[in-house]
Amino acid sequence: MQVAAVIVDVPARQTDRPFSYVVGSELSGKLTVGMRVIVPFGRGNRLIQGFVVGITEKPLAETSKLKKISEVQDLTPVLNPEMLALADWLAATTFSFKISCLQTMIPNGLRGKSEKIVRLLAPEKVDQSLKDFFGQKAEQQLQPAKLSAELFRKLQQARNAGSVELLYQVKDQARPRQVRVVQGLLTTQQAQALKKQQRANAHQLLNVLDFLAKNPQITIQQQQLEKQIGVSAATIRTAAAKQWLKVDYQVVKRSAYDLTTISATTAKKLTSAQQQVYQQVAAAIQQQTATSFLLEGVTGSGKTEIYLQLMAAALAKKQNALLLVPEISLTPQMVAQVVGRFGKQVALLHSGLSVGERLDEWRRIENGSATIIVGARSAVFAPIKNLGIIILDEEHESSYAQDNMPRYHARDVALWRSRYHHCPVVLGSATPSLESRARAQKGVYHWLQLPERINTRPLPAVSLVDMRQAAQTSHDSDFSNELLAAIKQRLVKQEQIILLLNRRGYATFMMCRQCGFVLKCPNCDISLTLHKDQQVMKCHYCGHEEPIPRKCPACGSLKIRFYGTGTQKIQEKLQKYFATARILRMDVDTTRRKGAHQQILQRFGRHQADILLGTQMIAKGLDYPDVTLVGVLNADTSLSLPDFRASEQTFQLLTQVSGRAGRAKKEGKVIIQTFNPQHYALQFAKKQDYEKFYAYEMRLRHQGDYPPYYFTIQIAVNAVSEPAAVKYLFKIAHELKQILSPEAKLLGPVPQMILRIKNHYRYHLIIKFKHEPQLLDYLHHLLEKSQQQKAVQLIIIREPTNFM
DNA sequence: AGCACGCCGACT
DNA sequence: GTCGGCGTGCTC
């Protein structure tokens, strides 16, 4: 008897293991490892999705207690052996559920959606309210959240009495798209003959015949036909009834990009510096070695062209290539470059696609018709066979780390896949993460450098404006005179300006000047931000909204004021200073709608706006020749975060955004406003000297025993009851002290930066260590045990990207 | 997660 | 004595 090991779609510690199911004889030979199945689970035998991870032969006696697989969802596996092995590794290293790992590897469209359906069996036995619930239908979808408690109870009673039954269904979220196609059944002569018989007032039908006469035996999409000859769907139906044409269904691929809008490009000649880099990686492609390269190249040094040619080298060897970029870089510019070079063999995976588009792109990769894959973080799981090269651009970007389960880092997954495929990895950045740069130092990564810009244009001049002094001469606490003057100058010259302010909303908090009351979120320990355009006070953590107060909610005083500056307020001020300037604002609030993001950038790119104002999402990958001024309104926001990476992140952000100025022939200028002009991160950013920054920061990390000198693990607990959270975490800390060697360091337990979010109290501790062979086992054991702690949620994060 | 079982209080 | 409240524990 065949028995399948199935990972079921119940993301919980207790179910995080394979369950055995009998493979019915009707499925024997059809079921293989990596397929999705639907299985009954639990006492109620509700149907849920699962993944087959193993098939074994078992004696009949052992299978009697097992349930049977209800259904197979796939003809061919959706997960190949590589992906299954990767999922195992991912679950173990990130302390995640196996099912969560498997689910992140497949497109959302293939993820089963569970539905509950109630069916009325004995209409005569139920009361009026249930009859109303069912209406005319015998079945209704059951959504307990939408039902009144009373109706829900009645349904339960009816179910116990046997007059209603509960059914379960699992469906795919997306299916291949089918369109109606029309096929002509007439010859030219037949069409012409029929045309004579038609009455003159049936002009729609005559149109159809005309068309068929001109295009005998054609196949065309019905929608297209309707538009082309101006007839309705009803007319087509009539024509089909008359046997003039046949209506059929055809599967069409949804496309992630529009080839007609992209012009083809050819390989550019590499400079000798580029050539050197190219050759070293190309050699690794040829020899199929899993070498990891760190490509450190200043902004504008021509990394992208090297990437394109390396991917071409892999293609020439009949291998495939994967290019990962931060989501934000997946702009039309980037897409145009890759698609322009490689055409329709490119598959694109990013969050702007619909579920169906994503599914189709994924299928194209899986069946081998796409050979170049460009995508954001999750594209690292693209089911590419025969990988020749993996490139991870802007390797320092924090968006490569997923912040919910499974908490993986795309860089680590890329390195794993490179080992599996024996292919090189290129990690590219102008400002590598300290971890990667340190690995290059140690020889773990092969270090490649491009220290010069390709057009030999100098890097833009960066000046720091001391806002403490500026406050004495400027009337505006947000703008120095220097910055205002520089903006004015560009506007006169019709050049473009990018302004960065790392804070959205209008004002950051509301305070009463009478009693000092600050308006806070009721669910989180954080002040509410004023959003003037929506006329609400908003919590940036849980989304809570409330009206803007007129008077102090505590003392009733009218002396309330809004402090701090967000993008909305700056936009308002800018418009006041420069009445005719066209300003675009780009932050979470203006880009929420699908495609809004691209629209804003396209408008700016076409020079339909003069100033682009935004949060850090504007810092990366934009390349607009008319931008000659970049202004950073307040460099201190990211600097003052209580995180050991604050300097690194500030340096990276400032360097990235500086790189947006003066990309083409015109000279660029960068103005950074700050209250800490002497801070080393700003000083090195001014000089745009990554290497010096690296050396300096590494010294500090060494002194403070921080990464990359130490590994870190964060243990966080979350609970509605604060004492419960504290007690549990202290118990863990106590146990840790027994296990850890004297070299390891334990920080905490302490409350997290924001103690309470969504009404849960949050505490955490940090372990810093170099070599603790027992630690990982203990942590796995801890998670195993944590299921008993029902009221407290335990989260273990390896190498957390921030300590807050 | 979600469902059944089981053990307590408010009612016919 | 029963219904139905929610806490507890298991799911091939």
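In what follows, chains carry the letters A, B, and so on, assigned in the order in which the sequence lines appear, proteins first and then strands, with residues in each chain numbered from 1.
Judged as a ring pair (Phe, Tyr, Trp, His ring centres under 6.0 Å), the pairs with a partner in residues 710-731 of chain A (not counting sequence neighbours) are, in order, A/Phe711-A/Phe769. Applying the ring pair (Phe, Tyr, Trp, His ring centres under 6.0 Å) test to residues at least two apart or on different chains, the pairs with a partner in residues 30-83 of chain A are A/Phe19-A/Phe41.
Around NZ of A/Lys385, the count of heavy atoms belonging to other residues, nucleotides or ligands within 6.0 Å exceeds 12. Open room surrounds NZ on A/Lys727; 12 or fewer heavy atoms of other groups in view lie less than 6.0 Å from it.
Proximity of the aromatic rings of A/Phe381 and A/Tyr408 is defined here by a centroid distance below 6.0 angstrom, and this criterion is met.
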Sub-3.5 Å pairs of nitrogen or oxygen atoms, protein against nucleotides 1-4 of chain B:
from, atom 1, to, atom 2, distance (Å)
B/dA1, N3, A/Arg46, NH2, 3.4

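Residue contacts shown for A/Arg13 are absent, as no nucleic acid heavy atom lies under 4.0 Å away.
The closest donor-acceptor contact from the side chain of A/Thr104 to the backbone of A/Ser100 lies under 3.5 Å.
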Kindly indicate, with the supporting measurements, whether the criterion side-chain contact (heavy atoms from CB on, under 4.5 Å) is fulfilled by A/Arg358 and A/Ser378.
CA-CA 11 Å; A/Arg358 259 185 104 81; A/Ser378 64; 3.2 Å; yes
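Taking the 5' to 3' direction, DNA chain C first and last meets chain A under 4.0 angstrom from a heavy atom at C/dG4 to C/dC12.
Annotation: ring-ring contact (aromatic ring centres under 6.0 Å, His included) contacts of A/His781 (sequence neighbours excluded): none.
With A/Asp172 as reference, A/Arg36 is the one residue of A/Arg111, A/Lys113, A/Arg36 to meet the side chain to side chain donor-acceptor pair (under 3.5 Å) rule.
Within residues 53-67 of chain A, the residues approaching DNA chain C are A/Leu66, A/Lys67, by heavy-atom distance under 4.0 Å.
A/Ser28 and A/Gln2 form no side-chain donor-acceptor contact under 3.5 Å, judged by distance and modelled atom types alone.
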